[in-house]
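See structure below.
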Amino acid sequence: MKNIKKYLFMLLAVAAVGLTVQAWGSVSAQQDGTVAVTPATEQTVDEDIHIGESLLNFVQSMGFVGLVQDWRFIVMLVIACVLLYLAIVKQYEPLLLLPIAFGMILTNLPGAGMYHSELFAGGHVHWQGFDSLAGLVDYLYLGVKLGIYPCLIFVGVGAMTDFGPLIANPKSLLLGAAAQLGIFITFIGMRYLGFLPEEAASVGIISGADGPTAIYVASRLAPALLGPIAVAAYSYMALVPVIQPPIMRALTTKKEREIEMKQLRPVKKIEKIIFPIVVTAFVALLVPSAGALVGCLMLGNLMRECGVVERLSKTVQNELMNIVTVLLGISVGATATAENFLNLKTLAILAMGIVAFGFGTAGGVLLAKFMNLFVKEKINPLIGSAGVSAVPMAARVSNVEGQKAKPGNFLLMHAMGPNVAGVIGSAIAAGVFMALFGAK
C-alpha cells in the first residue's frame with residue numbers, strides 16, 4: 001500500500017513537471033551542447049521582459065518617485081496645507097483661499113499633469129500643442145488667461161455693492177483715490193528691486209486689496225507671477241483687521257478718531273440708476289483698458305438698482321459668484337508651481353505686498369487729515385483707510401476703530417463711500433498700467 005502511494009505521488013510529480021515544461025515550451029539540446037529555446041519559450045521570455053518594463057514604467061510614473069527626486073514639491077504641498085489651515089481653521093478669506101490652496105496641491109502632485117505652464121509661456125496660449133498636452137486645470141485656466149473669471153467676479157461684486165454712500169458724499173471719491181497711492185509707490189519700489197515694469201505693476205495692484213483686479217492684471221502683464229501675487233493679495237485682504245488698525249492709530253490723534261460725521265442724505269433711485277451708466281461711459285472713454293472691469297462692476301450694480309431684473313441680480317450674487325470663485329481659485333492656485341513660487345521674487349512680492357497695503361491705508365488717512373484743513377464739516381480720518389478695495393471689510397474696520405475711540409460713533413456708512421470708490425480706483429489704476437505696458 002505504501003509502495004502504491006509512493007508510485008502515485010511520483011506520477012503526479014512527473015505530470016506536474018511535464019505540464020510546466022509544456023507551458024513554457026519545449027527545450028532541446030543542440031549539438032554544440034547549448035540549449036535551444038523554442039519559439040514558445042522565446043515568446044514567453046519576451047512577455048516577461050515586457051511585463052517587467054511595464055512594472056518599471058509604472059513605478060517610475062508614480063508621484064512618490066517625483067517627490068523623492070525633487071524636494072520642492074514637498075515644500076509646495078506643505079505651503080498649500082498651511083493655506084488650507086488658514087482658510088478652514090482661521091477662516092481667512094476661505095471662499096478663495098481654500099480653492100487656491102487646493103489648486104496648489106493639484107499642480108504640485110508630480111505626474112498628475114493637470115497644469116502645464118509651457119502652454120501659456122510668453123503670455124500667450126500655445127494652441128498647437130494644447131489638445132495633446134492639456135490637463136484639466138489647463139482648460140480651467142483659460143478663463144483666467146482670457147480675463148473671463150475676474151470680470152464675472154466684478155459683475156457679482158457690483159450686484160452686492162451699494163454705491164449710495166459714494167453718491168451721497170462725492171468727496172469720499174478722493175479718499176478712495178488717495179488709497180491707491182500704495183499702488184504707485186510699490187511700483188517704484190519693485191522697479192528699484194530690479195523687477196520689469198510689467199512685473200512691478202502687477203505687484204503694485206496688491207496695494208488695492210482687490211484680488212480679482214490683481215489677478216486680471218497679473219494674467220496679462222506677468223503670468224509667471226500670478227500664483228504668488230494672488231496668494232499675497234488674498235492673504236492680505238484677509239488680514240485687513242490685523243494690518244490696518246496699528247497704521248490708523250499711528251497716523252491719527254484720539255481727538256481725530258472721535259470726530260462724528262453727519263448722517264448722509266438719502267439717495268434717490270434715479271441717481272443710483274444713472275450712476276453706473278455714467279461711470280462706465282466716463283471710465284471707458286478715459287482709460288479704455290479699464291473698461292472691462294469697471295463695465296462689469298457697473299453692470300452688476302445696475303442689475304441691483306434698476307429693480308426689473310431681480311432674478312438676474314440674485315443669480316450673479318450667488319450662483320454665478322460661487323461657480324466662478326471655485327474655478328478662479330483652482331486655476332490661480334495651479335499656477336503656483338514649485339518653479340514659479342520658490343524663488344527670491346516670491347519673497348519680494350510677499351514683502352512688498354504688505355508694504356503696499358500699508359501705504360494704501362496711510363494714503364487715505366493722510367488725505368482725510370489734509371482735507372480737514374479746508375472743509376467746515378470735519379472728516380473722521382479713519383474712513384480714509386477704507387479706500388482700499390476690501391469691501392466691506394475695510395469699512396467695518398474703520399467703524400470698529402471709531403467706536404473704540406468713542407462708543408456710539410458709527411462710521412460704517414461713511415466708510416463705505418471710500419471703500420466702493422477704492423474698487424473703482426484700483427480698476428482705473430489697473431487700466432493705466434495695462435495701457436502703459438501694452439496689455440490688450
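The shown structure was predicted, so the numbers you read here are calculated from the model rather than taken from an experiment.
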Kindly indicate whether the side chain of [X], heavy atoms from C-beta on, has any atom under 4.5 Å from the side chain of [Y].
{"X": "F120", "Y": "T335", "result": "no"}
{"X": "L83", "Y": "Y92", "result": "no"}
{"X": "L106", "Y": "Y115", "result": "no"}
{"X": "V287", "Y": "M434", "result": "no"}
{"X": "F357", "Y": "I206", "result": "no"}

Output the distance between atom [atom1] ([X]) and atom [atom2] ([Y]), rounded to the nearest 0.5 Å.
{"X": "N380", "Y": "N409", "atom1": "CG", "atom2": "CG", "result": "6.0 Å"}
{"X": "Y234", "Y": "L239", "atom1": "OH", "atom2": "CG", "result": "14.5 Å"}
{"X": "L327", "Y": "Y139", "atom1": "CG", "atom2": "OH", "result": "15.5 Å"}
{"X": "I383", "Y": "S398", "atom1": "CD1", "atom2": "OG", "result": "7.5 Å"}
{"X": "T325", "Y": "I330", "atom1": "OG1", "atom2": "CD1", "result": "11.0 Å"}
{"X": "R304", "Y": "F163", "atom1": "CZ", "atom2": "CZ", "result": "9.5 Å"}

Identify, with sequence neighbours excluded, every residue that meets side chain to side chain contact (heavy atoms under 4.5 Å, CB included) alongside L412.
-> A395, R396, N399
Is it true that a side-chain atom of S313 and a backbone atom of V309 form a donor plus acceptor pair closer than 3.5 Å?
->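 Side chain of S313 to backbone of V309: no pair is present.
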Hey, does the side chain of N340 reach the backbone of T346 with a donor-acceptor pair shorter than 3.5 angstrom?
->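 Looks like no, no N/O pair under 3.5 Å.
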Evaluate whether atom [atom1] of [X] has more than 12 neighbouring non-hydrogen atoms of other residues, nucleotides or ligands under 6.0 angstrom away.
{"X": "R311", "atom1": "CZ", "value": "no"}
{"X": "F359", "atom1": "CZ", "value": "no"}
{"X": "F195", "atom1": "CZ", "value": "yes"}
{"X": "E319", "atom1": "CD", "value": "yes"}
{"X": "E310", "atom1": "CD", "value": "no"}
{"X": "F282", "atom1": "CZ", "value": "no"}

Scan L344, N343, I349 and name whichever one has a side chain to side chain contact (heavy atoms under 4.5 Å, CB included) with L347.
->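 The single option meeting the side chain to side chain contact (heavy atoms under 4.5 Å, CB included) with L347 is L344.
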Stepwise salt bridge (charged side-chain N to carboxylate O under 4.0 Å, His left out) test for K404 and E401 = CA-CA 5 Å; K404 286 182 180 178; E401 289 300 311; 3.5 Å; yes
